[in-house]
Peer 1: 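Pasting a structure below so you can have a look.
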Amino acid sequence: MANNELTVAVLGPGGVGGLLAALLSRAGHRVICLAGAETADTLRTNGIQVHSPRFGDFTAPVEADTELREPVDACLITVKATTLDAALTRVPAKTLGDGLLVPFLNGVEHPTHLRAHYTPARVTPAIIRVESTRTAPGVIDHGSPFAEIDLTGDPVPHDRLDTLAEALRESGPATQVLPDETAALWAKMTFLAPLALLTTRYALPLGDVRTRHREELTALLEETAAVSRSYGGPSDAAGALARYDTFPPQTKSSMQRDAEAGRPLELDAIGGALLRAAERQGIAVPVTARLVRELGSPSPN
């Protein structure tokens with residue numbers, strides 16, 4: 001690494017991955033996007049175009065390939081949980097070597113899965129709060145006035161986390177390193193699961209959910225908080241509800257957008273994982289179980 005420049009691979013340059021790839025490239029880092037042949041060709045030729053009220057409109061050059069063919073400082077995993085295993089064939093463990101594997105994935109089970117296939121002390125779970133959409137290959141619309149990242153990873157060397165956090169922070173997103181991986185992942189789960197399940201189940205934006213289905217939303221928040229608390233995570237259901245109330249009424253979850261587009265849902269990674277976690281702790285979550293069942297989740301067992 002010369003002059004603090006990182007080489008970063010991005011697996012799945014969609015709404016989140018494309019935004020991060022473009023921001024890192026604009027900040028002077030070398031970026032290699034990993035995607036299918038057609039998308040890779042487009043990115044090599046045209047770069048990534050970003051339209052953003054927060055970061056401006058710009059085009060950033062990136063390299064692109066169908067597979068990781070050299071070591072990198074970090075590989076950001078920004079695919080959906082439904083395509084994770086297939087996508088990981090583009091990132092051979094031997095090639096990644098000592099590089100950090102940074103999954104921006106929903107749920108709480110993926111770190112264990114990834115550590116079974118890659119060096120455990122290099123798996124760096126990340127959480128991002130952003131609304132960003134790929135409208136065409138290499139074209140990203142970032143609609144939210146914010147982009148916030150939490151990096152964690154209990155076994156990951158602190159200097160590696162700090163170096164990556166600094167690169168991300170200087171490229172644009174507000175980035176922090178959190179000391180407790182489990183608490184960080186459950187903090188996201190307790191906020192994401194109720195939003196994803198209810199907006200998708202009723203095909204309504206958050207504004208309608210929090211008014212027309214407020215009792216159900218409150219019950220679901222209390223269930224997820226109880227499960228989170230049992231794993232050492234946050235458990236402020238009232239605080240989460242108050243935060244929901246500050247969001248624009250037209251807010252939609254990514255699961256809801258997937259449902260609208262006819263794409264596979266991350267139902268097992270979110271709802272299924274929550275049910276499995278509750279079952280292990282002997283916690284009853286009837287509202288969660290009903291919503292997952294109605295949305296068509298496979299059995300949590």
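Everything numeric in this text was worked out from a predicted model, so none of it was measured. Heavy-atom basis, side chains included; hydrogens, waters and symmetry copies ignored.
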Peer 1: Residues in side chain to side chain donor-acceptor pair (under 3.5 Å) with Arg169, at least two apart?
Peer 2: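 For Arg169 there are no side chain to side chain donor-acceptor pair (under 3.5 Å) partners, ignoring immediate neighbours.
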Peer 1: Are Arg243 and Asp236 ion-paired here, with the side-chain N under 4.0 Å from a carboxylate O?
Peer 2: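 No.
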Peer 1: With sequence neighbours left out, which residue pairs that include part of residues 257-291 fulfil the ring-ring contact (aromatic ring centres under 6.0 Å, His included) condition?
Peer 2: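 Every pair satisfying ring-ring contact (aromatic ring centres under 6.0 Å, His included) with a residue in residues 257-291: there are none.
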Peer 1: Once side chain to side chain donor-acceptor pair (under 3.5 Å) is applied, do any residues pair with Asp180, and if so which ones, sequence neighbours excluded?
Peer 2: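 Checked Asp180 against side chain to side chain donor-acceptor pair (under 3.5 Å); zero matches.
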Peer 1: Taking distance alone, no hydrogens or angles, what donor-acceptor pairs closer than 3.5 Å link side-chain atoms of residues 96-106 to residues at least two apart or in another chain?
Peer 2:
unit_1 : atom_1 : unit_2 : atom_2 : d
Asp98  : OD1    : Arg122 : NE     : 2.7
Asp98  : OD1    : Arg122 : NH2    : 3.0
Asp98  : OD2    : Arg160 : NH1    : 3.0
Asn106 : OD1    : Lys188 : NZ     : 2.8
Asn106 : ND2    : Glu266 : OE1    : 2.8

Peer 1: Using the test ring-ring contact (aromatic ring centres under 6.0 Å, His included), find all partners of His117 that sit at least two apart in sequence or belong to another chain.
Peer 2: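 Counting only residues at least two positions away or on another chain, His117 forms a ring-ring contact (aromatic ring centres under 6.0 Å, His included) with His113.
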Peer 1: Check residues 135-149 and write down every donor-acceptor pair under 3.5 Å in which the side-chain atom is one partner and the other belongs to a residue at least two apart or another chain.
Peer 2:
unit_1 : atom_1 : unit_2 : atom_2 : d
His142 : ND1    : Ser52  : OG     : 2.7
His142 : NE2    : Ser144 : O      : 3.0
His142 : NE2    : Ser144 : OG     : 3.1
His142 : NE2    : Phe146 : O      : 3.1
Ser144 : OG     : Glu131 : N      : 3.1
Ser144 : OG     : Phe146 : O      : 2.7
Glu148 : OE1    : Arg129 : NE     : 2.9

Peer 1: Quick check against the 3.5 Å criterion: does Ser235 have a side-chain atom that pairs as donor or acceptor with the backbone of Arg229?
Peer 2: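 Side chain of Ser235 to backbone of Arg229, a donor-acceptor pair under 3.5 Å: no, none is there.
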Peer 1: Donor-acceptor pair, Ser228 side chain versus Ala225 backbone, under 3.5 Å?
Peer 2: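 Looks like no, no N/O pair under 3.5 Å.
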Peer 1: Give the cluster check for Leu114 versus Val10: same hydrophobic cluster or not, with ILVMFWY residues linked at side-chain heavy-atom distances below 4.5 Å.
Peer 2: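 Different hydrophobic clusters.
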Peer 1: Can you find a heavy atom in the side chain of Leu267 that is under 4.5 Å from one in the side chain of Leu197?
Peer 2: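 Yes, their side chains come closer than 4.5 Å.
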Peer 1: Is a donor on one side and an acceptor on the other found under 3.5 Å between the side chain of Glu181 and the backbone of Thr152?
Peer 2: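 Checking the backbone N and O of Thr152 against the side chain of Glu181, no donor-acceptor pair under 3.5 Å is found.
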Peer 1: When you group the ILVMFWY residues by side-chain heavy-atom contacts below 4.5 Å and let the links chain together, are Met255 and Leu274 in the same group?
Peer 2: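 Yes, Leu274 connects to Met255 through the hydrophobic network.
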Peer 1: Please check: side-chain N/O of Thr78 versus main-chain N/O of Gly12, any donor-acceptor pairing under 3.5 Å?
Peer 2: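 Yes: the side chain of Thr78 pairs with the backbone of Gly12.
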Peer 1: Do Thr182 and Val108 have side-chain heavy atoms sitting under 4.5 Å apart?
Peer 2: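 No. Closest side-chain heavy atoms not under 4.5 Å.
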Peer 1: Suppose we screen for ring-ring contact (aromatic ring centres under 6.0 Å, His included). Which residues come up paired with His110, at least two apart in sequence or across chains?
Peer 2: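 By the ring-ring contact (aromatic ring centres under 6.0 Å, His included) rule, His110 matches no residue at all.
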Peer 1: Could you tell me if the side chain of Leu11 sits less than 4.5 Å from the side chain of Arg90, heavy atoms only?
Peer 2: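 Yes, at least one pair of side-chain atoms sits under 4.5 Å.
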Peer 1: Going by the ring-ring contact (aromatic ring centres under 6.0 Å, His included) test, which pairs reach into residues 220-248, not counting sequence neighbours?
Peer 2: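 Counting only pairs at least two positions apart or across chains, the ring-ring contact (aromatic ring centres under 6.0 Å, His included) contacts touching residues 220-248 are Trp186-Tyr231, Phe191-Tyr244, Phe191-Phe247.
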Peer 1: State whether the number of non-hydrogen atoms from other residues, nucleotides or ligands found under 6.0 Å of Gln250 atom CD is greater than 12.
Peer 2: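 Atom CD in Gln250 is crowded, with more than 12 foreign heavy atoms closer than 6.0 Å.
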Peer 1: Who are the side-chain contact (heavy atoms from CB on, under 4.5 Å) partners of Pro92, not counting sequence neighbours?
Peer 2: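 Pro92 satisfies side-chain contact (heavy atoms from CB on, under 4.5 Å) with Glu67, Leu68, Thr95 only.
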Peer 1: I'd like to know if the side chain of Thr83 reaches the main chain of Lys80, judged simply by a donor and an acceptor atom lying under 3.5 Å from each other, with no hydrogens or angles considered.
Peer 2: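 Pair found, side chain donor or acceptor close to backbone of Lys80.
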Peer 1: Indicate the atoms forming the closest heavy-atom contact of Val177 with Ala165, along with that distance.
Peer 2: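 Looking at all heavy atoms of both residues, the closest pair is CG2-CB, 3.7 Å.
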Peer 1: Do any N or O atoms from the side chain of Asp73 and from the backbone of Thr7 form a donor-acceptor pair under 3.5 angstrom?
Peer 2: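 Yes; at least one donor-acceptor contact below 3.5 Å.
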Peer 1: Hey, are the side chains of Leu185 and Pro111 touching, using non-hydrogen atoms and a 4.5 Å cut-off?
Peer 2: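 Answer yes - side chains close enough.
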Peer 1: Starting at CG of Leu195, measure out to OG1 of Thr224 and round the result to the nearest 0.5 Å.
Peer 2: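 Answer for the CG-OG1 pair, Leu195 versus Thr224, is 11.5 Å.
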Peer 1: Could you go step by step and tell me if Leu151 and Val156 meet the side-chain contact (heavy atoms from CB on, under 4.5 Å) rule?
Peer 2: CA-CA 10 Å; Leu151 290 179; Val156 181; over 6 Å; no
Peer 1: Decide yes or no for Ile77 and Cys75: does some side-chain heavy atom of the first lie under 4.5 Å from some side-chain heavy atom of the second?
Peer 2: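 Yes, at least one pair of side-chain atoms sits under 4.5 Å.
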Peer 1: With ring-ring contact (aromatic ring centres under 6.0 Å, His included) as the rule and sequence neighbours excluded, what pairs involving residues 197-218 come up?
Peer 2: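 Sorted result for residues 197-218: Tyr202-His213.
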Peer 1: Any link between Leu198 and Leu275 through a network of hydrophobic side chains (Ile, Leu, Val, Met, Phe, Trp, Tyr) touching at under 4.5 Å?
Peer 2: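 Yes, because Leu198 and Leu275 connect within a single hydrophobic cluster, where side-chain heavy atoms sit under 4.5 Å apart.
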Peer 1: Would Ile32 and Glu70 count as a side-chain contact (heavy atoms from CB on, under 4.5 Å) here? Give the steps.
Peer 2: CA-CA 10 Å; Ile32 307 169; Glu70 61 181 276; 4.2 Å; yes
Peer 1: Check the pair Asp258 / Lys252 against salt bridge (charged side-chain N to carboxylate O under 4.0 Å, His left out), numbers first and verdict last.
Peer 2: CA-CA 10 Å; Asp258 286 340; Lys252 294 183 178 183; over 6 Å; no
Peer 1: Is there a path from Leu76 to Leu178 through hydrophobic residues (I, L, V, M, F, W, Y) whose side chains come within less than 4.5 Å of each other?
Peer 2: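 No, because Leu76 and Leu178 fall into different hydrophobic clusters, even though each may have its own neighbours under 4.5 Å.
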Peer 1: With sequence neighbours excluded, what pairs up with Ala35 under the side-chain contact (heavy atoms from CB on, under 4.5 Å) test?
Peer 2: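 Partners of Ala35 by the side-chain contact (heavy atoms from CB on, under 4.5 Å) criterion, ordered by chain and then number, come out as Pro13, Thr39.
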Peer 1: Between the side chains of Thr288 and Glu223, does any donor sit under 3.5 Å from an acceptor?
Peer 2: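 Yes, side-chain donor-acceptor contact under 3.5 Å.
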Peer 1: Say whether, by atom type as modelled, one donor and one acceptor occur between the side chain of Thr89 and the main chain of Asp85 under 3.5 angstrom.
Peer 2: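 No, Thr89 side chain to Asp85 backbone: no donor-acceptor pair under 3.5 Å.
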Peer 1: Report the distance from atom NE2 of His29 to atom OG of Ser171, rounding to the nearest 0.5 Å.
Peer 2: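 His29 NE2 to Ser171 OG: 6.5 Å, rounded to 0.5 Å.
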Peer 1: Considering residues at least two apart in sequence or located in another chain, which fulfil the ring-ring contact (aromatic ring centres under 6.0 Å, His included) criterion with Phe58?
Peer 2: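 Not a single residue meets the ring-ring contact (aromatic ring centres under 6.0 Å, His included) criterion with Phe58.
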Peer 1: Is it true that Arg30 and Glu63 have a side-chain N and a carboxylate O under 4.0 angstrom from each other?
Peer 2: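 Yes, Arg30 and Glu63 are salt-bridged.
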Peer 1: Quick one: does any side-chain atom of Arg201 pair with a main-chain N or O of Leu291 as donor and acceptor, under 3.5 Å?
Peer 2: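 Not at all, since once roles are kept as given, no pair shorter than 3.5 Å links the two residues.
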Peer 1: Compare every heavy atom of Ala259 with every heavy atom of Thr200, then report the nearest pair and how far apart it is.
Peer 2: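 Taking Thr200 first and Ala259 second, the nearest heavy atoms are CG2-CB, 4.0 Å.
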Peer 1: Test Asp162 against Glu166 for side-chain contact (heavy atoms from CB on, under 4.5 Å), laying out the working first.
Peer 2: CA-CA 6 Å; Asp162 291 340; Glu166 181 180 5; over 6 Å; no
Peer 1: Measuring from atom CD1 of Ile48 to atom OG1 of Thr59, what distance do you get when rounded to the nearest 0.5 angstrom?
Peer 2: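 So the CD1 of Ile48 and the OG1 of Thr59 are separated by 10.0 Å.
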Peer 1: To the closest 0.5 Å, what do you measure between OG (Ser253) and CG (Leu192)?
Peer 2: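 Here the rounded value is 7.5 Å.
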Peer 1: As an exercise, state the distance from CD of Gln256 to CG of Leu206, rounded to the nearest 0.5 Å.
Peer 2: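 Here the interatomic distance stands at 9.5 Å.
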Peer 1: Quick one: does Leu265's side chain get under 4.5 Å of Thr82's, heavy atoms only?
Peer 2: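 SC-SC contact between Leu265 and Thr82 ruled out.
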Peer 1: What heavy-atom pair brings Ile270 and Ala196 nearest, and what distance separates the two atoms?
Peer 2: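 Reported closest heavy-atom pair: CD1-CB, 4.4 Å.
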Peer 1: Donor-acceptor pair, Arg214 side chain versus Arg210 backbone, under 3.5 Å?
Peer 2: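 Side chain of Arg214 to backbone of Arg210: a pair is present.
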Peer 1: Would you give the length of the straight line joining atom CG of Leu23 to atom CG of Leu168, rounded to the nearest 0.5 angstrom?
Peer 2: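 Those atoms lie 9.0 Å apart.
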Peer 1: Can Val79 be reached from Val72 by stepping across I, L, V, M, F, W or Y side chains whose heavy atoms are under 4.5 Å apart?
Peer 2: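 Yes; Val79 is reachable from Val72 via cluster members.
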